[in-house]
Asks: 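Please see the structure below; I have some questions.
Because only heavy atoms are used, hydrogens play no part in the values below, and waters and symmetry mates are left out as well, while side chains stay in. A note on names: the letters A, B, ... follow the listed sequences, proteins ahead of strands, and every chain is numbered from 1.
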Amino acid sequence: MPLKFKKLPLCFYNNDTEKVARELLGKKLVRVLNNKRLSGIIVETEAYLGSTDQACHSRNGIKTKRNASMYLPGGHAYVYFIYGMYFCLNAVTKSSKNAEAVLIRAIEPVEGIELMRKFKNSSKQDLHLTNGPGKLAQSLMIDKTLDGESLKGNNLFIEETGITYKKNEIIKTSRIGISKTNEACDWQLRFYVKDCPYVSKK
DNA sequence: TTATTGATTGACT
DNA sequence: GTCAATCAATAAA
């Protein structure tokens, strides 16, 4: 099997969440629909650190119907509905004890761009298909039906690419969309590829 | 029970 | 820059 079609092993996800978030940059997110591949290179992620992280859905160990997938073992998908209209995709990491995950915020489209355009129904430039968590979910047809799915399955997974970034090519900042009143609003858990036009915000 | 908030986006002043 | 869309979770009453 050629390198470009290699799914990441479970041990990749069963690791320190911040490390997984950083190492997901350059990997390829793949969505398979009707035997067609929609994919893109991950260029922006954020880590969410479970019970101790007040910006995380599983803060203080709370478990609801919405965030139940965060308590699955590493290597599963957590897809949640936000602001009444968008879905966001996360990769669950580590054990089920502390419900940690990595939010995939932006990808650079590679395969199936025509279909992405169709699903998103947008007349704008392709840049806007996947440069944000809600947008990429829309373009790749990611919704609640994928919540809790294994990333070793056939519908949604992440592949090795051979792409690696040097330390000075990765920017580390505070997370997007966290309220200023949240004690975790300044935690440096967002990672993105420097000078990449496909990230959601600079 | 009702009111407010939120890991967002797009349209508009 | 402001603001509406629209719903699950949470807080307030």
Asks: Supply the members, apart from A/Trp187, of the Ile/Leu/Val/Met/Phe/Trp/Tyr cluster built from side-chain contacts under 4.5 Å; use none for a lone residue.
Replies: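 Its cluster partners, ordered by chain and number, are A/Leu49, A/Leu189.
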Asks: Using the test salt bridge (charged side-chain N to carboxylate O under 4.0 Å, His left out), find all partners of A/Arg22 that sit at least two apart in sequence or belong to another chain.
Replies: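 Partners of A/Arg22 by the salt bridge (charged side-chain N to carboxylate O under 4.0 Å, His left out) criterion come out as none, since no residue qualifies.
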Asks: My understanding is that only residues two or more places apart in sequence, or in another chain, count here; which of them pass side-chain contact (heavy atoms from CB on, under 4.5 Å) with A/Lys172?
Replies: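 Listed in chain order: A/Glu18, A/Gln188, A/Phe191.
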Asks: Say we look at B/dC12 and C/dT6: how far apart would their P atoms be, to the nearest angstrom?
Replies: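 Those two atoms are separated by 15 Å.
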Asks: Applying side-chain contact (heavy atoms from CB on, under 4.5 Å), name anything that partners A/Asn15, two or more places apart in sequence or on another chain.
Replies: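 In terms of side-chain contact (heavy atoms from CB on, under 4.5 Å), with neighbours along the sequence ignored, A/Asn15 is linked to A/Lys19, A/Val20.
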Asks: Test of understanding: with side-chain contact (heavy atoms from CB on, under 4.5 Å), list the residues that count as partners of A/Leu115, not counting sequence neighbours.
Replies: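 Residues passing side-chain contact (heavy atoms from CB on, under 4.5 Å) with A/Leu115: A/Lys36, A/Leu38, A/Lys118, A/Phe119.
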Asks: Residues in salt bridge (charged side-chain N to carboxylate O under 4.0 Å, His left out) with A/Glu108, at least two apart?
Replies: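 In terms of salt bridge (charged side-chain N to carboxylate O under 4.0 Å, His left out), with neighbours along the sequence ignored, A/Glu108 is linked to no residue.
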Asks: Can you sort out the partners of A/Glu114 under salt bridge (charged side-chain N to carboxylate O under 4.0 Å, His left out), two or more places apart, ordered by chain and number?
Replies: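 Expected list: A/Arg117.
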Asks: Do A/Lys94 and A/Asn98 meet the criterion of a side-chain donor-acceptor pair at a distance under 3.5 Å?
Replies: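 Absent: no donor and acceptor within the cut-off.
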Asks: Reading nucleotides 6-13 of chain B from the 5' end, what letters show protein touch, with B for base, S for backbone sugar-phosphate only, - for no heavy atom under 4.0 Å?
Replies: BBBSS---
Asks: Check every nucleotide of DNA chain C for an atom under 4.0 Å from a heavy-atom of chain A, then give the first and the last such nucleotide from 5' to 3'.
Replies: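 Endpoints of the contacted stretch of DNA chain C: C/dA5 to C/dT10.
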Asks: Take N1-N3 plus N6-O4 or O6-N4 for Watson-Crick, N1-O2 plus O6-N3 for G-U, both under 3.5 Å. Which runs of 3 or more such pairs involve DNA chain B?
Replies: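 Stems found: B:1-6 with C:7-12, B:8-12 with C:1-5.
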Asks: Share the residues that join A/Tyr86 in a hydrophobic cluster, the rule being Ile, Leu, Val, Met, Phe, Trp or Tyr side chains under 4.5 Å apart at the heavy-atom level.
Replies: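 Answer for A/Tyr86: A/Tyr48, A/Met70, A/Tyr71, A/Tyr78, A/Tyr80, A/Ile82, A/Tyr83, A/Met85, A/Val92, A/Leu103, A/Ile178.
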Asks: Tell me every residue that passes side-chain contact (heavy atoms from CB on, under 4.5 Å) with A/Lys201, counting only those two or more places apart in sequence or in another chain.
Replies: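 Residues passing side-chain contact (heavy atoms from CB on, under 4.5 Å) with A/Lys201: A/Ile176, A/Arg190.
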